[in-house]
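Working notes, structure below.
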Amino acid sequence: MSFHIDTGHPRNGLIFWVLILIWLLFYPNTPYLLTDLFHLSLLNPYGTNGLLRLNDIMWLKFSLLLISTLFSTILGMWGLDKVSKAITARLRFISYGLNIWSLSF
């Protein structure tokens, strides 16, 4: 959703702020994905001798969980950067517009 938020100045400010609000409702799920890494301990990676097991299925599950969590977190941070730039640009534009408007009177 963050990639549909334009960093320019969209014509309709209401749509922009509604998109930001909807994005903000779902964003907390992104850092929460990092807590999924705690489930790696459920894979029981250590054998009875204390060394790592050489189980292909366990390492496949480990890899899939790690790759998906890291990819989703990086994508979420990229979206956060894009949204923060869009909000900054929008507020700067509003502030600039208010300063010109107040100088004209």
Side-chain angles (χ1 to χ4, degrees):
M1 178 177 252
S2 64
F3 298 105
H4 294 291
I5 297 173
D6 189 18
T7 56
H9 305 295
R11 296 177 188 223
N12 192 345
L14 180 63
I15 293 175
F16 175 79
W17 291 110
V18 167
L19 281 175
I20 293 292
L21 186 65
I22 292 171
W23 173 84
L24 189 60
L25 289 173
F26 290 99
Y27 183 75
N29 288 330
T30 300
Y32 183 71
L33 288 171
L34 291 173
T35 63
D36 287 344
L37 294 179
F38 290 113
H39 298 292
L40 292 175
S41 64
L42 297 176
L43 294 175
N44 296 324
Y46 297 104
T48 56
N49 59 0
L51 299 175
L52 287 174
R53 293 186 302 144
L54 296 176
N55 184 347
D56 294 338
I57 301 298
M58 180 201 62
W59 286 107
L60 177 66
K61 290 178 182 178
F62 171 80
S63 300
L64 292 175
L65 185 60
L66 189 64
I67 289 169
S68 64
T69 301
L70 290 178
F71 177 75
S72 300
T73 303
I74 290 170
L75 190 64
M77 293 300 138
W78 187 17
L80 176 64
D81 182 53
K82 184 168 176 57
V83 168
S84 66
K85 286 179 182 177
I87 291 173
T88 303
R90 170 62 73 151
L91 292 178
R92 190 173 297 144
F93 178 70
I94 291 171
S95 173
Y96 180 71
L98 288 176
N99 287 338
I100 290 175
W101 183 71
S102 64
L103 290 176
S104 65
F105 288 109

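For the numbers below, each heavy atom of this structure counts, side chains included, while hydrogens, waters and symmetry mates do not.
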- Mind checking side-chain hydrogen bond (donor to acceptor under 3.5 Å, both in side chains) for Asp81 and listing every partner two or more places apart, or none if nothing turns up? Lys85
- Spatial distance of atom CG (Leu75) from atom CE (Met77) [nearest 0.5 Å]: 10.5 Å
- Message: Is any side-chain heavy atom of Ile74 closer than 4.5 Å to one of Trp78?
- Response: no
- Message: Just to verify, what does Thr35 make a side chain to side chain contact (heavy atoms under 4.5 Å, CB included) with, not counting sequence neighbours?
- Response: Tyr32, Phe38
- ring-ring contact (aromatic ring centres under 6.0 Å, His included) partners of Tyr27, counting only residues at least two apart: Trp23
- Item | Leu19 side, atom CG; Leu24 side, atom CG - distance, nearest 0.5 Å | 12.5 Å
- Path from Ile20 to Leu91 over hydrophobic side-chain contacts below 4.5 Å: yes
- Query: OG1 of Thr73 to CG of Leu33: how many Å apart, nearest 0.5 Å?
  - Reply: 5.5 Å
- When you look at CG of Leu25, are more than 12 heavy atoms from neighbouring residues, nucleotides or ligands closer to it than 6.0 Å? yes
Side-chain donor/acceptor pairs under 3.5 Å, residues 58-66, sequence neighbours excluded:
from, atom 1, to, atom 2, distance (Å)
Trp59, NE1, Arg53, O, 2.9
Ser63, OG, Trp59, O, 2.8

- Message: Nearest 0.5 Å, please: how far is CD1 in Ile67 from CG in Leu70?
- Response: 8.5 Å
